[in-house]
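What you see is a predicted model; the values in this text were computed from it and never measured.
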Amino acid sequence: MTKVAVMGSGSWGTAFANVIADAGAAEVVVYGRRSAVVDAINQRHENPAYFPGMALNPALTATADAAKALAEADFVVLAVPSQTLRDNLAAWREHISGEAVLVSLMKGVELGTCRRMSEVATEVSGVPADRVAVVSGPNLAREIAERQPATAVMACRHEPTAVRLQDICKSAYFRPYTATDVVGVELGGAVKNVIALAVGVAVGMGFGDNAQASLITRGLAETVRLAVSLGADEHTLAGLAGLGDLVATCGSPLSRNRTFGEKLGSGMTLEEVVAETSQTAEGVKSSESVLELARRTGAEMPITEAVVAMMHHDLSPAEALAAFMSRRSKPERYGF
């Protein structure tokens, strides 16, 4: 039977592992650092740290031993904060099977190198790019853990590998699609977190649906410009991994990035928001590397610039709004 190792017992890692267990086509083991979470998954079929009281598939197992989780795994699902991937993967590399497919659930861009997560995975592990897949889409982890209907895109340069991944994820409530545009799927997932921070700030400042819709639409335009400049197909960003993920992340109170921005917009300082945020809001750190990517390619990303100024250069939300609204824009048809 196919074996899947999910490296990370956070909310999305746990939810995705449960999807595969529910699909019933693979054996799934979750690696977690905290013994209390590992024991709860094995004994009570629950992850109390993220989904207290929510039943996981009894076939799902967990371990605090990375080598044990990775042994003979056909798929290695990477579900750690994006800025920790390089160090984690370096520690796990020797235990990864020679034919394993690496699957990234992460939605970020590495600081310093500006590499996408699939690029980091290839560089550190030595696994060729045609055996590295990425998963993205409107995937709010809690709803998926509750087994509400959801969809996602499984992207890999080697289409048969994407299809293999699709086959072990199909369930009654989770419908996966396949694609080969890894660049577009990854950047859609990374940039939407930055835009969700901006939308959250607007909500926290008391602005309504016009402001939110404008930020989402202009944010999609920024994402398309960046992705196309790096070789993506613009049509990818009109699908689940672009617009779909953007709408879910910007519109839902379950979104970590929107919630982070909302607290900032309501008057809390950045330090106060960070102090009371238990889960990683990927857009906070990735905003800098996304903006650096844009500058390298010449893609214009004013919303991202405003988010970076708020998160890293002490610009207040009011000052960021004023700068964005007063900027001189290039002529564009249809506001897109």
ILVMFWY cluster, Val4 and Leu78 together (side-chain gap under 4.5 Å): no
- prompt: Charged N to carboxylate O below 4.0 Å: is that the case for Lys263 and Glu272?
  reply: no
message: Would you say Arg256 and Ser11 are linked by a side-chain donor-acceptor pair, where the criterion is simply a distance under 3.5 Å?
response: yes
task: Any chance you could measure Leu293, atom CG, to Thr113, atom OG1, to the nearest 0.5 Å?
output: 8.5 Å
statement: Value for CD1 (Ile303) from CD1 (Ile195), rounded to nearest 0.5 Å, stands at 4.5 Å
- request: Would you confirm whether Ser287, through its side chain, and Val284, through its main-chain N or O, come within 3.5 Å as a donor-acceptor pair?
  value: yes
query: Hey, quick one: are Ile216 and Leu140 part of the same hydrophobic cluster, counting side-chain heavy atoms closer than 4.5 Å, chains of contacts allowed?
result: no
message: To check you understand the geometry: which heavy-atom pair defines the closest contact between Ala21 and Val28, and what is its length?
response: N-CG2, 3.8 Å
Test item: Ser289 side-chain N/O and Val109 main-chain N/O as donor-acceptor pair under 3.5 Å: yes
- request: For residues Val290 and Leu226, determine if any side-chain heavy atom of one lies less than 4.5 Å from a side-chain heavy atom of the other.
  value: yes
- prompt: Above 12 or not: heavy atoms from other molecules or residues under 6.0 Å from CZ of Arg34?
  reply: no
- request: Would you check if the side chain of Asn193 reaches a backbone N or O of Glu282 as a donor-acceptor pair within less than 3.5 Å?
  value: no
task: Quickly, which of Glu110, Glu123, Glu292 forms a salt bridge (charged side-chain N to carboxylate O under 4.0 Å, His left out) with Arg115? Name it, please.
output: Glu123
- prompt: Would you say the side-chain atoms of Arg142 pair up with the backbone N or O of Tyr50, donor to acceptor, closer than 3.5 Å?
  reply: yes
- request: Mark yes when over 12 heavy atoms from residues, nucleotides or ligands other than Glu146 sit less than 6.0 Å from its CD; otherwise mark no.
  value: yes
message: Can you tell me how far apart CG (Leu187) and CZ (Arg116) are? Round to the nearest 0.5 Å.
response: 6.0 Å
task: Give a yes or no on whether Leu220 and Leu230 share a hydrophobic cluster (residues Ile, Leu, Val, Met, Phe, Trp, Tyr; joining criterion: side-chain heavy atoms under 4.5 Å apart).
output: yes
- prompt: Counting distance only, does the side-chain N/O of Glu46 pair as donor-acceptor with the main-chain N or O of Gly53 below 3.5 Å?
  reply: yes
message: Applying a strict under-4.5 Å side-chain criterion to I, L, V, M, F, W and Y, I'd like to know whether Val191 and Val134 cluster together.
response: no
- prompt: Can you find a heavy atom in the side chain of Val30 that is under 4.5 Å from one in the side chain of Leu60?
  reply: yes
- prompt: Within a radius of less than 6.0 Å around CZ of Arg86, do more than 12 heavy atoms belonging to other residues, nucleotides or ligands occur?
  reply: yes
- prompt: Are Val182 and Met154 connected in the hydrophobic side-chain network, where two residues link if heavy atoms are under 4.5 Å apart?
  reply: no
- prompt: Can you check whether Gly283's main-chain N or O pairs, donor with acceptor, with Asn257's side chain at less than 3.5 Å?
  reply: yes
task: Check the pair Lys192, Thr249 against side-chain hydrogen bond (donor to acceptor under 3.5 Å, both in side chains), reporting the backbone distance first and the verdict last.
output: CA-CA 7 Å; Lys192 60 94 184 183; Thr249 306; 3.0 Å; yes
- prompt: Given Phe16 and Cys169, is the side-chain contact (heavy atoms from CB on, under 4.5 Å) satisfied, shown in steps?
  reply: CA-CA 9 Å; Phe16 191 73; Cys169 296; 3.6 Å; yes
query: In Å, rounded to the nearest 0.5 Å, how long is the span from CE of Met117 to CG of Leu89?
result: 10.5 Å
message: Any donor-acceptor pair under 3.5 Å linking the side-chain atoms of Asn88 with those of Thr84?
response: yes
message: For Ala26, is there any backbone N or O sitting under 3.5 Å from a side-chain donor or acceptor partner on Thr2?
response: no
Heavy-atom pair with the smallest gap, counting every atom of Arg147 and Ala55: NH1-O, 3.1 Å
- prompt: Checking Arg258 side chain against Cys250 main chain: does a donor-acceptor pair fall under 3.5 Å?
  reply: yes
query: Within the side chain of Arg225, is there an N or O that forms a donor-acceptor pair under 3.5 Å with the backbone of Glu300?
result: yes
Greater than 12 external heavy atoms within 6.0 Å of Arg157's CZ: no
task: Using a 4.5 Å cut-off on heavy atoms from C-beta on, say whether the side chain of Trp12 contacts that of Ile144.
output: yes
query: If every non-hydrogen atom of Phe260 is compared with every non-hydrogen atom of Thr277, which pair is closest and at what distance?
result: CD1-OG1, 3.8 Å
- prompt: Which heavy atom of Ser9 sits nearest a heavy atom of Asn47, and at what distance?
  reply: O-ND2, 2.9 Å
- prompt: Between CZ of Arg93 and CG of Leu70, what distance do you get to the nearest 0.5 Å?
  reply: 13.0 Å
- request: Start with the C-alpha gap between Leu264 and Met311, add the side-chain angles, then the distance that decides, and say whether side-chain contact (heavy atoms from CB on, under 4.5 Å) holds.
  value: CA-CA 9 Å; Leu264 194 64; Met311 301 298 158; 3.5 Å; yes
query: Okay, side chain of Gln212, backbone of Val199: is any donor-acceptor separation there less than 3.5 Å?
result: no
task: With the side chain counted from C-beta on, respond yes when Tyr173 and Asp22 share a heavy-atom pair under 4.5 Å apart, and no when they do not.
output: yes
- prompt: Any salt bridge between Arg164 and Asp74, counting N to O under 4.0 Å?
  reply: no
query: Around atom NE2 of His312, are there more than 12 heavy atoms of other residues, nucleotides or ligands at under 6.0 Å?
result: yes
- request: Walk me through it: do Leu165 and Val103 pass the test side-chain contact (heavy atoms from CB on, under 4.5 Å)?
  value: CA-CA 9 Å; Leu165 179 59; Val103 181; 3.9 Å; yes
query: Would you say the side chain of Ser82 lies within less than 4.5 Å of the side chain of Lys107, judging by non-hydrogen atoms?
result: no
query: Could you walk me through whether Thr236 and Val185 pass the side-chain contact (heavy atoms from CB on, under 4.5 Å) check?
result: CA-CA 7 Å; Thr236 298; Val185 169; 3.9 Å; yes
query: Just how far is it from atom CZ of Arg175 to atom CD of Gln166, taken to the nearest 0.5 Å?
result: 8.0 Å
message: If I compare all heavy atoms of Asn139 with all of Ala152, which pair ends up nearest, and what's the gap?
response: OD1-CB, 3.6 Å
statement: Heavy atoms of Thr304 and Glu222 approach each other most closely as OG1-OE1, 3.0 Å
